[in-house]
Number of protein chains: 2
Amino acid sequence: MATNPRRPERRQEPLSRERIISAAVELLDTVGEGGLTFRALAKHLATGPGAIYWHVTGRTELLGAAIDSVVATTIAAVDDADATPQEAIRALALGVFDAMDAHPWVGTQLTHAPSHSPMLRVFERIGRQIQALRVPEAAQFTAASALMSYILGVAGQNAANTRTLRPDTDRTEFLDSVATAWKELDPDEYAFTRNVAGQLREHDDREEFLAGIDLILTGIIALQRPTG
Amino acid sequence: MATNPRRPERRQEPLSRERIISAAVELLDTVGEGGLTFRALAKHLATGPGAIYWHVTGRTELLGAAIDSVVATTIAAVDDADATPQEAIRALALGVFDAMDAHPWVGTQLTHAPSHSPMLRVFERIGRQIQALRVPEAAQFTAASALMSYILGVAGQNAANTRTLRPDTDRTEFLDSVATAWKELDPDEYAFTRNVAGQLREHDDREEFLAGIDLILTGIIALQRPTG
DNA sequence: ACCTGAACACCGTTCAAGT
DNA sequence: ACCTGAACACCGTTCAAGT
């Protein structure tokens with residue numbers, strides 16, 4: 001018998017940085033940030049924890065590489081060839097939003113990444129559209145940064161929410177529970193919050209996110225220098 | 001000799017939730033997020049790690065209480081009695097910004113806090129100004145959320161930066177090094193980023209932050225319903 | 001009621017030893 | 001060159017035992 005039909009541990013390919021990172025992404029998606037352990041990852045790759053260190057310097061770099069790979073793929077997939085600058089920015093922002101939605105840990109790690117390289121990719125693509133919007137040079141950095149910060153903020157909050165959530169509760173159920181909690185706040189101290197609790201219940205995360213982008217875009221367009 | 005002039009361990013007051021939290025804030029400020037250990041905290045309070053659990057359910061709650069106390073104090077100190085809505089929002093945002101500056105860990109933990117209560121305080125105060133700006137009811141939630149997300153995004157980035165920084169490097173030195181790194185990026189892939197690298201060098205964090213707030217405020221004011 | 005600190009079940013990371 | 005896995009130096013958290 002030359003080949004064993006069911007090897008219990010298949011060590012298909014040799015270990016590689018690439019395989020490690022994609023296994024890390026898988027683990028992050030399934031068990032969350034806390035579940036990404038060198039021991040768990042090693043088991044997943046049918047090896048010992050030490051082996052990983054040959055390809056990766058440590059946990060920080062591993063997390064960084066994981067987001068980088070996810071964001072890079074997402075950003076590359078956004079097609080803004082025939083779009084107006086505004087449309088392109090919305091498409092880009094939505095791309096990041098959907099990536100966070102699929103991988104909630106991206107939201108937290110986006111800011112934590114020491115390389116900053118995933119953020120830099122987004123920043124560059126936003127910036128090009130800012131230029132296309134004829135924003136004066138001196139204000140271009142501000143405009144692109146504002147959009148970037150907003151996107152990061154939403155990412156962080158979304159990640160925080162999914163982290164708080166029981167894995168089985170769905171969106172509307174969650175929003176309902178928050179809205180109910182808000183309605184029970186002290187009427188004097190939290191008058192506004194109580195008042196908008198209803199809007200929270202019927203809100204769509206993606207639309208709300210885009211509405212925020214549009215607010216900033218309105219502000220940016222007000223900076224526009226004349227054509228010609 | 002009734003009193004010992006130099007008691008080596010002074011256990012002034014009994015342990016209390018309050019003392020634990022303020023010791024936690026002190027530790028976070030001095031040794032950072034990673035340095036806040038139950039063992040270190042216990043030593044600081046001249047007790048054992050187990051004692052802390054009598055007053056606090058665990059590390060998550062402790063961190064939450066720590067930001068809550070810092071943000072609550074900051075927010076309470078912001079006086080917006082005689083300000084226009086725009087001025088009040090700027091003052092509020094700057095308050096949070098300065099709190100983050102003094103306590104870099106706040107930036108990260110603001111989103112992580114499970115109670116969300118520090119964010120809720122800010123949200124409420126922003127919201128009241130949004131109402132004063134005569135934003136239509138249906139858009140009030142969006143407007144307040146956008147400002148909130150932006151503030152959180154900047155907070156997160158700031159925290160990430162100070163975390164990356166060697167404790168001794170100062171602001172301008174850091175900005176210079178980032179600007180230099182940006183100038184060395186691939187000219188085709190990062191044309192925009194290279195282009196604004198100069199603006200990064202001469203930028204003021206606080207002003208940049210406020211400029212972003214103003215962009216969003218411009219967008220919000222465009223939503224304004226007519227007076228009367 | 002509150003505190004103590006040893007003990008438990010984990011971590012990330014290192015490193016001698018293997019192939 | 002690459003992998004192995006025991007070992008080290010930590011964690012947060014628990015809990016019997018003390019006051």
Side-chain angles (χ1 to χ4, degrees), chain A residues 7-28 30-68 105 108-109 112-115 163-164, chain B residues 7-28 30-68 105 108-109 112-115 163-164:
Chain A
R7 281 173 282 176
E9 301 282 330
R10 50 190 181 106
R11 274 293 303 283
Q12 339 64 331
E13 311 152 56
L15 215 48
S16 70
R17 206 185 133 85
E18 207 177 64
R19 277 191 65 220
I20 290 172
I21 290 165
S22 86
V25 170
E26 205 180 313
L27 259 167
L28 284 163
T30 51
V31 289
E33 215 164 311
L36 179 64
T37 304
F38 273 78
R39 283 171 179 81
L41 189 56
K43 192 175 229 175
H44 204 80
L45 293 161
T47 180
I52 298 166
Y53 283 87
W54 187 261
H55 303 272
V56 140
T57 58
R59 190 170 201 266
T60 312
E61 196 208 316
L62 183 60
L63 273 167
I67 357 157
D68 208 0
W105 49 276
T108 340
Q109 287 304 319
H112 289 207
S115 79
R163 204 175 322 117
T164 315
Chain B
R7 280 173 284 175
E9 302 282 331
R10 51 191 179 103
R11 274 293 304 284
Q12 337 67 326
E13 311 151 56
L15 216 49
S16 70
R17 206 185 133 85
E18 206 176 64
R19 276 192 66 221
I20 291 172
I21 291 165
S22 85
V25 170
E26 206 180 311
L27 259 168
L28 285 163
T30 50
V31 288
E33 215 164 311
L36 179 64
T37 305
F38 273 79
R39 284 170 179 79
L41 189 58
K43 193 176 228 173
H44 204 81
L45 293 162
T47 181
I52 298 164
Y53 282 86
W54 186 262
H55 303 271
V56 140
T57 58
R59 191 170 200 267
T60 312
E61 197 209 316
L62 183 61
L63 273 166
I67 359 157
D68 207 0
W105 49 275
T108 341
Q109 287 303 318
H112 288 207
S115 79
R163 205 176 320 118
T164 315

Undergrad: Defining pairs by Watson-Crick or G-U wobble geometry with both distances under 3.5 Å, how would you list the stems of DNA chain D with at least three pairs each?
TA: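 Runs of three or more consecutive pairs: C:4-8 with D:12-16, C:12-16 with D:4-8.
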Undergrad: To the nearest Å, give me how far apart CG (A:Leu15) and C1' (D:dG5) are.
TA: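 Roughly 15 Å, once rounded to whole Å.
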Undergrad: Using atom CG of A:Leu63 as one end and atom C1' of C:dG12 as the other, report the distance to the nearest whole Å.
TA: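 In whole Å, C:dG12 C1' and A:Leu63 CG are 12 Å from each other.
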Undergrad: How long is the line joining CD1 of B:Ile20 and P of C:dC2, in whole Å?
TA: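 Rounded to the whole Å, the gap is 12 Å.
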Undergrad: Assign B:Leu36 to base, sugar-phosphate, or nothing according to its heavy-atom contacts below 4.0 angstrom with the strands shown.
TA: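 It contacts sugar-phosphate atoms only.
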Undergrad: Is the backbone N or O of B:Ala40 less than 3.5 Å from a side-chain atom of B:Thr37, with the two atoms forming a donor-acceptor pair by type?
TA: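 No; judged by distance alone, with no hydrogens or angles, the pair does not exist.
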Undergrad: Taking the side chain as every heavy atom from C-beta outward, state whether B:Trp54 and B:Leu15 have any pair of such atoms under 4.5 Å apart.
TA: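 No, every pair of side-chain atoms sits at 4.5 Å or beyond.
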Undergrad: Measure CG/A:Leu41 against P/D:dC3 and give the value in whole Å, please.
TA: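 Checked: the CG to P distance equals 13 Å.
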Undergrad: Please give, in whole Å, the distance from D:dG5 P to A:Trp54 CH2?
TA: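 Rounded to whole Å, this separation is 17 Å.
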Undergrad: Do any N or O atoms from the side chain of B:Arg19 and from the backbone of B:Leu45 form a donor-acceptor pair under 3.5 angstrom?
TA: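 No, because the side chain of B:Arg19 does not come within donor-acceptor range (under 3.5 Å) of the backbone of B:Leu45.
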Undergrad: B:Gln109 side chain to B:Trp105 main-chain N or O, any donor-acceptor pair under 3.5 Å?
TA: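 No; zero donor-acceptor contacts below 3.5 Å.
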Undergrad: Check the distance between D:dG12's P and B:Leu62's CG and give it to me in whole angstrom.
TA: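 Spelled out: CG on B:Leu62 to P on D:dG12 is 10 Å.
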Undergrad: Contact between A:Val25 and A:Ile67 at the side-chain level, heavy atoms closer than 4.5 Å - yes or no?
TA: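 SC-SC contact between A:Val25 and A:Ile67 ruled out.
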Undergrad: Report the distance from atom CG of A:Leu36 to atom CG of A:Leu28, rounding to the nearest 0.5 Å.
TA: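 The CG atom of A:Leu28 is 4.5 Å from CG of A:Leu36, to the nearest 0.5 Å.
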Undergrad: Send over the distance from A:Arg19 CZ to D:dC2 P, rounded to a whole Å.
TA: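 Interatomic distance, CZ of A:Arg19 to P of D:dC2: 14 Å.
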Undergrad: Could you list, one pair per line, each protein nitrogen or oxygen that sits under 3.5 Å from a nitrogen or oxygen of nucleotides 13-19 of chain D, together with the distance?
TA:
| unit_1 | atom_1 | unit_2 | atom_2 | d |
| --- | --- | --- | --- | --- |
| D:dT13 | OP2 | B:Tyr53 | OH | 2.9 |
| D:dT13 | OP2 | B:Arg59 | N | 2.8 |
| D:dT13 | O5' | B:Tyr53 | OH | 3.1 |

